[in-house]
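Read through the structure below, which is laid out as structure tokens, and then see the notes.
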Amino acid sequence: MTVSVHTDGPVAFVEIDNPPVNAASFAVRAGLMEALAQTEADAAVRAVVLLCAGRTFVAGADVREFGKPPAAPLLPDVVLALEGARKPWIAALHGTALGGGLEIALGCAYRVAVPEAKMGLPEVTLGLLPGAGGTVRLPRLVGPVAALNIMASGKPVGAARALELGLIDAVLEGDLRAAARAFALDIAEADKPVLLNARDVPAFDAEVLHQRIAAIRAKARGQNSPEAVCEAVVNATRMGAEEALAAERALFLRLKDDPQSRALRHIFFAERSVGKSLAAGEALPSEHIGVVGGGTMGAGIAAAALLAGFCVTMIERNAEAVAAGHARVVEVLGGGLKRGVLTEDAHARCLEAFSGSDEYGALASADLVIEAVFEYMDVKHAVFKALDAVVKPEAVLATNTSYLDVGMIAKAVRKPSRVIGLHFFSPAHIMKLLELVIPPGADPDAVATGAALGKRLGKVTVPSGVCDGFIGNRIMSAYRRACEYMIEDGALPAEVDQAMRGFGFPMGIFEMQDLAGLDISWAMRKRQAATRDPAQRYVDIADQLCEQGRFGRKTGRGWYLYDGKTAQVDPEVTALIEATSARKGITRVSMSGDAIMGRILDVMQAEGRAILAEGIAARAEDIDVVMVNGYGFPRWRGGPMFMASEGAEI
């Protein structure tokens with residue numbers, strides 16, 4: 001049975017068993033209603049413990065029911081029924097209680113949890129809001145500001161924080177079933193707490209709530225569900241429970257039919273299915289990771305591996321460089337400790353598991369080595385030849401190259417099949433995207449090892465074939481060129497960036513270049529000059545900026561002028577652009593924001609179609625996953641290929 005009832009003296013245990021995550025399916029909802037009727041009718045039962053089999057409490061809705069007509073009993077009605085039980089229900093939480101799972105728990109009289117449990121309402125990430133009373137009950141339990149933070153972020157909170165907020169009533173150690181039974185016996189004779197629906201919202205600072213709402217709206221950048229969450233929380237503070245529940249339902253149904261929710265569901269499923277088509281291989285055991293290069297990227301990769309529990313050895317060219325790389329990693333780990341991401345014990349374990357050396361021999365026992373040095377083929381070859389001489393034969397070798405041919409890099413070793421690409425995105429310990437670049441002839445076990453590493457690091461790992469820039473950088477290079485053409489043709493950098501931000505990107509292409517440093521791409525363009533197709537249009541405005549020492553934010557001048565972090569339009573750059581257009585005989589024509597963004601999208605989609613045709617990406621969905629997770633494409637739009645398939649307009 002999906003939901004079963006067992007009695008142990010005066011305590012009834014209602015257990016949900018709906019693997020793998022005990023989703024709140026029709027069978028679960030119907031089973032809970034039957035269990036409620038059974039326990040209400042049993043005079044011997046004085047309290048009910050609700051718990052789940054397997055590794056987690058109810059972790060959300062059943063994704064198999066998405067897009068289908070709802071079947072009664074609906075979850076809001078189930079939660080209302082639980083809340084109205086004459087006998088106290090105690091939700092015993094373990095694993096994750098998310099979305100509808102937490103709303104079920106909010107319908108119970110009490111909530112208890114094991115120390116490792118996490119709970120949250122992540123519906124906003126699917127373009128929705130809690131639709132089973134969460135926006136009404138949670139503010140009445142923890143206050144509107146804390147409730148807003150939980151719902152608008154979509155991020156779960158741990159048991160300790162939940163207890164502090166009042167979201168749960170106790171943290172239980174030891175066996176959950178036994179501890180929950182003891183808790184239930186203690187409160188069986190106590191008066192059942194006043195229904196959340198009947199409670200007033202706790203006193204709160206209206207100005208603080210107003211400020212949080214303003215911050216959430218600013219961060220949403222056009223996404224509708226955070227705005228709806230804010231509206232629902234305000235409703236909870238101003239309306240009675242019955243009216244607020246009705247308003248919540250109306251908001252939920254409106255969002256459910258919103259194209260943004262369809263786009264967010266698309267990317268949700270795309271991320272979970274990415275890489276499923278990889279050829280079968282067996283991941284090799286990996287506990288000792290080597291990282292060659294201690295710069296920003298190498299340090300980020302090393303920190304990510306340490307945070308995931310690996311032992312890491314970093315290699316640099318000399319003792320001074322080793323010390324600098326070591327300091328960068330220590331700084332990243334220290335930041336995690338300061339923010340509370342790492343405990344003192346975990347921080348100490350990371351430091352203990354980290355070492356540095358200027359001798360490649362220190363990698364003799366490494367299971368997987370990731371190279372993160374300069375983007376020069378001869379430098380890469382030198383590194384891989386040195387690795388080939390010292391690492392064990394079964395070790396997987398990976399390059400973090402952003403553009404270079406991984407197959408050519410692999411030729412530097414005696415067994416090229418053990419070489420793969422692992423293209424991290426900076427900062428590597430934060431960015432979720434990892435491109436797993438698979439050169440021709442790669443050993444399936446090496447590929448599986450790279451995929452397993454990505455999973456353990458918590459990355460969204462997208463397989464890619466070999467081409468210049470792989471999936472993401474190839475598309476970015478294409479639309480960057482289009483943006484350069486547009487500024488020669490009549491647009492200005494600030495207009496292009498404004499159009500991209502208005503579309504939902506966190507920043508525009510020229511702002512991003514200033515942030516990264518114009519000298520990096522300049523060096524690459526100079527290396528590629530000899531092989532550039534002379535028939536291809538080339539815009540040299542960025543080269544002219546670099547020749548003037550304008551390298552972006554780090555020099556205070558780039559496409560923009562900088563006063564601290566504030567970017568200002570520079571008349572000198574405008575004059576340079578206009579002069580370049582005149583020199584080339586181009587009559588400048590102004591462009592609207594929609595026209596600018598339309599051209600960018602056209603180029604993205606055309607390059608995406610070419611990538612699919614060449615077999616570089618396995619699916620259109622993979623391209624969307626790359627652009628959303630690595631390049632700031634607004635998640636709520638689903639990705640460029642999704643927009644093309646939907647015929648979506650800007």
Side-chain angles (χ1 to χ4, degrees), residues 3-22 32 35 39 45-60 82 85 87-99 101-122 137-138 141-143 146 150 155-193 196 307-309 336-337 339-350:
V3 179
S4 58
V5 180
H6 305 282
T7 56
D8 184 0
V11 177
F13 287 93
V14 175
E15 185 170 33
I16 299 170
D17 188 2
N18 184 29
V21 295
N22 291 313
L32 285 174
T39 54
V45 172
R46 291 156 52 197
V48 182
V49 173
L50 174 63
L51 72 170
C52 291
R55 58 187 173 89
T56 185
F57 195 75
V58 177
L82 291 175
K87 300 167 184 180
W89 279 57
I90 299 95
L93 313 180
H94 77 290
T96 53
L98 301 176
L102 183 56
E103 289 181 292
I104 289 171
L106 289 172
C108 296
Y110 298 90
R111 288 150 297 282
V112 297
V114 298
E116 300 78 20
K118 294 183 181 297
M119 52 217 79
L121 295 170
R137 294 184 178 90
L138 190 62
L141 191 62
V142 304
I150 290 170
K155 296 178 180 177
V157 297
R161 177 60 176 157
L163 182 63
E164 181 182 329
L165 291 172
L167 177 53
I168 60 176
D169 299 285
V171 175
L172 302 182
E173 302 283 352
D175 179 72
L176 178 59
R177 183 180 292 264
R181 182 181 188 277
F183 183 93
L185 287 173
D186 285 343
I187 57 92
E189 298 298 334
D191 290 334
K192 182 183 174 184
L196 288 183
L307 291 168
L337 177 65
R339 296 192 308 275
V341 176
L342 279 177
T343 65
E344 292 279 359
D345 287 346
H347 179 255
R349 284 195 298 272
C350 286

Can you find a heavy atom in the side chain of D169 that is under 4.5 Å from one in the side chain of I187? no

Only counting residues at least two apart or in another chain, list the ones meeting side-chain contact (heavy atoms from CB on, under 4.5 Å) with A178. D175

Test side-chain contact (heavy atoms from CB on, under 4.5 Å) on V21 and L98; report intermediate values, then the result. CA-CA 10 Å; V21 295; L98 301 176; over 6 Å; no

Can you list the residues that meet the side-chain contact (heavy atoms from CB on, under 4.5 Å) rule with I16, with sequence neighbours excluded? V3, N18, N22, V28, L32, L50, C52, V58

Applying salt bridge (Lys or Arg N to Asp or Glu O under 4.0 Å), can you list everything that pairs with R349, at least two apart in sequence or on another chain? none

Using distance only, find each side-chain donor-acceptor pair of residues 106-118 under 3.5 Å and give its atom names and separation, not counting sequence neighbours.
unit_1	atom_1	unit_2	atom_2	d
R111	NE	L167	O	2.9
R111	NH1	A105	O	3.0
R111	NH1	C108	O	2.8

If I compare all heavy atoms of V45 with all of T39, which pair ends up nearest, and what's the gap? CB-O, 4.1 Å

Who are the salt bridge (Lys or Arg N to Asp or Glu O under 4.0 Å) partners of D8, not counting sequence neighbours? R181

Among residues at least two apart in sequence or on other chains, which ones pass side-chain hydrogen bond (donor to acceptor under 3.5 Å, both in side chains) with R55? none

Kindly write out the residues that satisfy side-chain contact (heavy atoms from CB on, under 4.5 Å) with L51, not counting sequence neighbours, or none if the list is empty. F13, E15, V49, A92, R177

Would you check if S4 and D17 make a side-chain contact, meaning some heavy-atom pair closer than 4.5 Å? no

Atom of V14, atom of A35 and distance for their closest heavy-atom approach: CG1-CB, 3.8 Å

Contact list for residues 88-97, test side chain to side chain donor-acceptor pair (under 3.5 Å), sequence neighbours left out: T56-T96

Which heavy-atom pair separates A184 from I90 by the least distance, and what is that distance? CB-CD1, 3.8 Å

Between A146 and L165, the two heavy atoms sitting closest are CB-CD2, 3.9 Å

